[in-house]
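Worksheet for the structure shown next.
No hydrogens, no waters, no symmetry mates; every other heavy atom, side chains included, goes into these values. Convention: sequence-line order gives letters A, B, ...; per-chain numbering from 1.
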Protein chains: 2
Amino acid sequence: MQTAAAKTFRELCAEHGIAVTHQRQVLYEVMQGMSGHPSPEEVYARVKKKIPAISLATVYKNINLFVESGVFRKMSMHHGSVRVEMNSEAHHHMVCSKCKAITDIGEQELGLVSKRTRLPGGFLVERYAVDVIGLCPKCQ
Amino acid sequence: MQTAAAKTFRELCAEHGIAVTHQRQVLYEVMQGMSGHPSPEEVYARVKKKIPAISLATVYKNINLFVESGVFRKMSMHHGSVRVEMNSEAHHHMVCSKCKAITDIGEQELGLVSKRTRLPGGFLVERYAVDVIGLCPKCQ
DNA sequence: TTGAATGCAAACTTTTTGCAAAATT
DNA sequence: AATTTTGCAAAAAGTTTGCATTCAA
């Protein structure tokens with residue numbers, strides 16, 4: 001009964017030129033079954049229930065691999081350290097997916113339209129923080 | 001000629017009930033003069049030129065203080081660890097400013113309009129990643 | 001003089017790395 | 001048989017904390 005799923009995972013690995021290991025497969029399946037935005041530690045805790053001997057390093061290595069391959073995504077651009085900004089004008093950010101450079105863009109220039117202050121589920125909007133992901137002129 | 005600036009900084013400190021120290025003032029001025037999105041280490045490097053004996057811990061403590069006071073801002077919600085997501089539908093995030101809970105919201109429901117693929121400065125858009133900051137139903 | 005802030009070092013958290021042993025191709 | 005992956009432990013990064021000393025109010 002694992003034939004179908006196993007095959008899909010095999011194909012996925014073949015596409016990305018990576019080996020099909022037991023750890024990798026279980027990690028993939030566990031992650032597929034998780035909703036929300038888990039941290040590596042949370043993923044590790046779940047995988048450990050199925051493979052008690054797995055190491056955190058393996059979890060990290062494979063999460064990175066999955067993210068680099070585009071199988072899963074990071075929730076947001078993660079710069080190693082906190083970034084502060086002094087610009088107090090209402091603005092958003094253009095983030096280059098290649099060189100990671102961040103450039104400000106004014107609310108006006110961005111031209112996103114939405115004045116809604118209440119969203120489905122009853123969420124009360126304070127403000128929008130937009131990251132535009134793309135390629136800066138240099139990297140195009 | 002530091003009367004005006006010094007006075008403003010004094011007032012700022014008074015407003016927030018914090019002491020006016022030399023380190024604090026230089027840090028504030030240096031940060032005001034920085035554009036972009038510096039990390040604490042970058043700020044530290046700059047401040048060190050003016051106060052070579054300053055410690056990194058002081059820089060951290062004061063940056064945190066400034067951010068908590070609303071004097072400066074963090075560039076983005078910073079969760080201690082990387083967050084991965086498996087949801088491959090086009091969606092965005094509602095982030096509660098009180099309890100920090102993150103909920104997905106579909107591109108459709110969000111209803112932000114912008115089909116622009118080229119932004120001022122020649123930035124080529126791949127996709128938009130929107131964080132809606134506000135209050136979730138529970139926290140309102 | 002009293003409480004707050006600084007500097008230093010140690011501790012902590014998150015993530016990466018080197019390497020021998022094991023598994024995959 | 002060659003290569004990749006794993007697990008472990010050590011090392012990096014980034015950030016916070018405890019405490020004695022110094023400074024501001």
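Of the candidates dT25(C), dG7(D), dT15(C), dT25(C) carries the atom nearest the Arg10(A) side chain, counting heavy atoms from C-beta on. Relative to the side chain of Thr58(B), the nucleotides dT6(C), dT14(C), dT6(D) differ in distance, and dT6(C) lies closest. Listed nucleotides dT14(C), dT25(C), dT5(D) differ in distance to Tyr60(A); the shortest reach to its side chain belongs to dT14(C). Of the candidate nucleotides dT15(D), dT15(C), dA25(D), dT15(C) has the atom nearest to the side chain of Val82(B). Closest approach to the Thr21(B) side chain among dA24(D), dT4(D), dC8(D) is made by dA24(D) (side chain taken as heavy atoms from C-beta onward). With distances taken from any side-chain atom of Pro40(A) to the nucleotides dT16(D), dG7(C), dT15(C), the minimum falls on dT15(C). Of the candidate nucleotides dG7(D), dA5(C), dT25(C), dT25(C) has the atom lying nearest to any side-chain atom of Val20(A).
Between Glu41(A) atom CD and dT13(C) atom P there is a gap of 10 Å when expressed in whole angstrom units. Separating the CG atom of Asn64(B) from the C1' atom of dT16(D) is a distance of 9 Å, rounded to the nearest angstrom. One can place CG of Asn62(A) at 12 Å from C1' of dG7(D), the figure rounded to the nearest angstrom. For the pair Ile54(A) CD1 and dC8(D) C1', the computed distance is 13 Å after rounding to whole Å. Summarising the geometry, the separation between CG on Leu56(A) and C1' on dT6(D) is reported as 13 Å, rounded to the nearest angstrom. As a whole-Å value, the separation of His16(A) NE2 from dT4(D) C1' is 17 Å. Computed from coordinates, the Tyr44(B) OH to dC8(C) C1' distance equals 11 Å when rounded to whole Å. Taking atom NZ of residue Lys61(A) and atom P of nucleotide dA22(C), one finds them 16 Å apart after rounding to whole Å.
In this structure, Ala19(A) reaches the sugar-phosphate backbone alone: every heavy-atom distance under 4.0 Å involves primed, P, OP1 or OP2 atoms, never a base.
Ring geometry, His37(A) versus His93(B): the interplanar angle exceeds 60°, so the pair is classed perpendicular (tilted spans 30 to 60°). Ring geometry, Phe72(A) versus Phe66(A): the interplanar angle exceeds 60°, so the pair is classed perpendicular (tilted spans 30 to 60°).
A heavy-atom distance below 4.5 Å is found between the side chains of Phe123(B) and Val132(A).
Closest approach of Pro120(A) and Glu109(B) over heavy atoms only: CG-CB, 3.9 Å. The nearest pair of heavy atoms linking Val47(A) to Val26(A) is CG1-CG1, 4.3 Å. Counting all heavy atoms, side chain and backbone alike, Tyr44(B) lies closest to Val59(B) at CD1-CG2, 3.7 Å.
OP1 or OP2 of dT6(D) sits under 4.0 Å from a side-chain N or O of Arg24(A). Regarding contacts with the backbone of dG7(C), a side-chain N or O of Gln23(B) is found under 4.0 angstrom from either OP1 or OP2.
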**Message:** side-chain hydrogen bond (donor to acceptor under 3.5 Å, both in side chains), that's the test. Do His91(A) and Glu85(A) meet it? Break it down for me.
**Reply:** CA-CA 11 Å; His91(A) 70 280; Glu85(A) 64 183 0; 3.1 Å; yes

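Both Leu65(B) and Ile18(A) sit near DNA chain C, but only Leu65(B) has its closest nucleotide nearer the 5' end.
For the helix from dT1(C)-dA25(D) to dT25(C)-dA1(D), the end axes, each set by the C1' atoms of five terminal pairs, are bent relative to each other by 30° (nearest 10°).
Cluster annotation: Val125(A) and Leu110(B) are assigned to the same hydrophobic cluster (Ile/Leu/Val/Met/Phe/Trp/Tyr, side-chain heavy-atom contacts under 4.5 Å, transitive).
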